[in-house]
Amino acid sequence: MKSSLLDLKKGDIFKIIDFSKECKNFKHRIESIGLFKGQLGQVINKSFFGPIEIDIDGRKIAIGRGMAKKILVQKFF
């Protein structure tokens with residue numbers, strides 16, 4: 001089942017499926033910070049406000065909520 005990165009909870013493991021097509025530059029911006037389709041990651045920290053912290057390939061990355069909403073993922077149980 002596809003959902004956005006914003007829908008996940010702390011500790012959830014996910015695979016990046018796709019990126020939103022709404023913004024032309026979004027895919028380029030997200031790839032410039034090292035996120036690509038097919039990567040596995042885990043939500044490290046998610047609070048009510050502020051960015052979502054994820055771990056991708058051993059790197060901790062903070063993603064703003066607006067960007068996280070545009071990253072489509074598949075959650076692994």
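Using a 4.5 Å heavy-atom threshold, the side chains of Lys10 and Ile44 count as separate. With contacts defined as side-chain heavy-atom distances shorter than 4.5 Å, the pair Ile61/Glu53 does not qualify. Here the side chains of Lys37 and Asp18 are in contact, with some heavy-atom distance below 4.5 Å. In this structure the side chain of Ser4 never reaches within 4.5 angstrom of the side chain of Val73, judged on heavy atoms.
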Task: Val43 vs Lys9, side-chain contact (heavy atoms from CB on, under 4.5 Å): CA-CA, chis, key distance, verdict - done: CA-CA 7 Å; Val43 178; Lys9 297 176 184 155; over 6 Å; no
Open item on the list: What verdict does the side-chain contact (heavy atoms from CB on, under 4.5 Å) test give for Phe14 and Leu40, after you've listed the backbone C-alpha separation in whole Å, the side-chain angles of each residue and the deciding distance to 0.1 Å?
Closed with: CA-CA 6 Å; Phe14 62 88; Leu40 294 176; over 6 Å; no
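Distance alone, capped at 3.5 Å, places no donor-acceptor pair between the Lys75 side chain and the Ser3 backbone. Listed for the Gln39 side chain is a donor-acceptor partner under 3.5 Å among the backbone atoms of Phe36. Between the side chain of Arg29 and the main chain of Met67, no donor-acceptor pair closer than 3.5 Å is present.
Stacking of Lys70 on the aromatic ring of Phe26 is recorded, both the 6.0 Å distance cut-off and the 45° axial limit being met.
Ile71 pairs in a side-chain contact (heavy atoms from CB on, under 4.5 Å) with only one of the listed residues (Ile52, Ile63, Leu6), which is Ile63.
Taking CD of Gln74 as the reference point, atom CD1 of Ile17 lies at 4.5 Å (rounded to 0.5 Å).
Residues Ile33 and Leu72 are members of separate hydrophobic clusters, defined by side-chain heavy-atom contacts under 4.5 angstrom among Ile, Leu, Val, Met, Phe, Trp and Tyr.
For the 3.5 Å distance criterion, the side chains of Asp12 and Gln42 fail to qualify, holding no donor opposite an acceptor.
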